[in-house]
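Presented below is the structure to which this report refers.
Here is how names work: the chains are called A, B, and so on, in the same order as the sequence lines, proteins then strands, and each is numbered from 1.
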2 protein chains.
Amino acid sequence: MEEGSLNRAAARLRVSQPTLTRQLQAIEQELGAPLFERGSHGVLPTGLAHHLRESMTPVIGAYDRAWAELTAHAHGRQSQIRVGYLGLSAARFLTPVVGQFREIHPDVRLWLFDQTPGEQLQALRKGDLDLALIGQEGAMAGDDFYQQRVARIGVIAVLAAGHPLAEKDTISLSELSTEGFIVPAESAVPGRKLWIQQLCRKAGFSPQWVGETDSVTDTFARIAAEQAVSLLPDYLLQTAPPGITLMRLSDRCAFWDFTLLRQRGRLAPACRDLIRLIAETAKAS
Amino acid sequence: MEEGSLNRAAARLRVSQPTLTRQLQAIEQELGAPLFERGSHGVLPTGLAHHLRESMTPVIGAYDRAWAELTAHAHGRQSQIRVGYLGLSAARFLTPVVGQFREIHPDVRLWLFDQTPGEQLQALRKGDLDLALIGQEGAMAGDDFYQQRVARIGVIAVLAAGHPLAEKDTISLSELSTEGFIVPAESAVPGRKLWIQQLCRKAGFSPQWVGETDSVTDTFARIAAEQAVSLLPDYLLQTAPPGITLMRLSDRCAFWDFTLLRQRGRLAPACRDLIRLIAETAKAS
DNA sequence: GAGCGATTATACGTAATCCGCATAACCACG
DNA sequence: CGTGGTTATGCGGATTACGTATAATCGCTC
């Protein structure tokens, strides 16, 4: 259209004139109508040609931009990192890291999403997250993502404040063998029930389930109301609400693995730095 | 990504597995990073693959929609017709047609653009118009568009109300031979000056130019102020403002061709109907 | 531990595609 | 009626792309 002549257009496109003629014929045949009218003076665009240019120019632009973004990503120049985390773990593991990371990579946008482990896994599967910070329930993800243990932390028992065991100084897992356990729903925290089950098995008993909840707040409320118990990772130690007593388990074998899941594939430098910072912070604490 | 296996994906895409493997390798090489991690269990998508799907899905969707629209256009199923017209000619030639057309093609969107002939030509060249309704200045478009004379109408002289010739009953072109002519700028109405020049030549004289204007309103104002004259198509006969007298020329050879320009290429049925209606209306009036 | 079933990667021959050169056909203009 | 411009076409060669057959690998089961 700009040259008004297949000859000149072919020269500009670095192909021969017969080639361009045939390519044009192919498109016209596929469309079902001519794009140019030929004459001894050259070619004149039809309305269809104008229409094609108008509608395809933005498509090509969008493609080029997307491709540029993709190659940048492929070469490790990531413009954003999307991290999912469990709200209550952020204070200890994530908050201190954000500032340091921004200093190293001020041009990389850091998105933080407060999500349950179940939501994080779903987001990873959809490709909406690059990194997920969850407990060892990450094992439920199977081989779909890379896993890395960031820290191994203790376990605390959750008791109603008036519970007899709440009066003691220390508590061991076996003392909970006759209690009723409350666990979060499998959809919210996949694998948590299994984890408690295995812990109890090590302590020599099989836990008795008395209910499922949707959130930590809900867990606390029901434990206070129903005199039930549960087990949680110990970063929640300082967050006991009124009516709830949190006690660290004395069992050595009772631990909770803080796990980082990341999307498969090459690790961008920025992402590597972020993971390093998180791992260091977790180890130090 | 949906199948989790090159074998199953190849079957779905109706190609052989080696072919799909090589196509994937080609894209990965061009990107510079793998899209999948291979294993004996099948393939697992990397973060880059997720990114690619996220960014390319809308591009492909936009392409498909644009292509569908294009083939529809190519097969004559046009969803819109964009018509440029000269504001003052609409009442006589275009307004009556719009209603009739809407009855025949209620699903075709009719866009009407009030533009000077110069703007219309420019819009045609950009592909922003399908049809243009102008005077015989359309000849200036050269071979870029199809031309069709819609009607041949008379010419009127524009005189200041106090002008001596304004007192007469009839007027012929030769009586204007000593007057000063005002014409619209070439950019606004290309060819108008040439047309007047040729008319005067037929009448045996060469017109004397005293100024250029940007609009009909401006033309009227300057003619009233400067006692100049001009020539216009006679559909403006009823629109004389105070201080202006409009008189039909008695010369038989003085006429103005009302011309329809249309984009090159196949003529869609809806567009053909619209043109037919315009031509009939013009002929009847 | 051997074998089976599944996976992806590679080798190779063939078929199809695509390109450029040469040339034909056409037109406007002088 | 040639001449310089245009686009279209025939043809040979090089490249590409595909499918079949096969290799290499891995996990699972017996």
Checklist line | Between A:Thr19 and A:Gln23: side-chain donor-acceptor atoms closer than 3.5 Å | finding: no
Margin query: Nearest whole Å is fine: how far is D:dT6 P from A:Leu20 CG?
Written below: 13 Å
Note to self: For DNA chain C, which residues of residues 22-40 of chain A approach it to below 4.0 angstrom with any heavy atom?
What the structure shows: A:Arg22, A:Gln23, A:Ser40
Next item on the list: Quick one: list whatever passes side-chain hydrogen bond (donor to acceptor under 3.5 Å, both in side chains) with A:Arg38, sequence neighbours left out.
Entry: A:Glu28
Next item on the list: Using only side-chain N and O atoms of A:Thr19, determine if any of them is under 4.0 Å from OP1 or OP2 of C:dG20.
Entry: yes
Margin query: Without decimals, in angstroms, what is the distance between B:Leu44 CG and D:dG27 P?
Written below: 13 Å
Check: Just wondering, do A:Gln208 and A:Phe181 contact through their side chains at under 4.5 Å, heavy atoms?
Finding: no
Margin query: Are the side chains of A:Asp251 and A:Lys202 in contact, using a 4.5 Å heavy-atom criterion?
Written below: no
Note to self: Can you tell me which nucleotide in D:dA8, C:dC19, C:dT8 comes closest to the side chain of A:Thr21?
What the structure shows: D:dA8
Notebook entry, point to check: Side chains of A:Ile275 and A:Leu267: does their closest heavy-atom pair fall under 4.5 Å?
Noted result: yes
Margin query: Can you tell me if B:Asn7 touches the phosphate of C:dA6, counting only side-chain N or O atoms and a distance under 4.0 Å to OP1 or OP2?
Written below: no
Next item on the list: Calculate the interatomic distance between A:His41 atom NE2 and D:dA8 atom P; express it in whole Å.
Entry: 12 Å
Notebook entry, point to check: Rounded to the nearest Å, what distance is computed from the CG atom of residue B:Leu6 to the P atom of nucleotide C:dT10?
Noted result: 12 Å
Notebook entry, point to check: Mind checking whether A:Phe36 and A:Leu24 have side chains closer than 4.5 Å, heavy atoms only?
Noted result: yes
Item checked: B:Met1 side chain near B:His50 side chain, heavy-atom distance below 4.5 Å -> yes
Checklist line | Rounded distance [0.5 Å steps], NE2 in B:His51 versus CD in A:Gln78 | finding: 8.5 Å
Check: For residues 8-18 of chain B, which residues have at least one heavy atom under 4.0 Å from DNA chain C?
Finding: B:Arg8, B:Gln17, B:Pro18
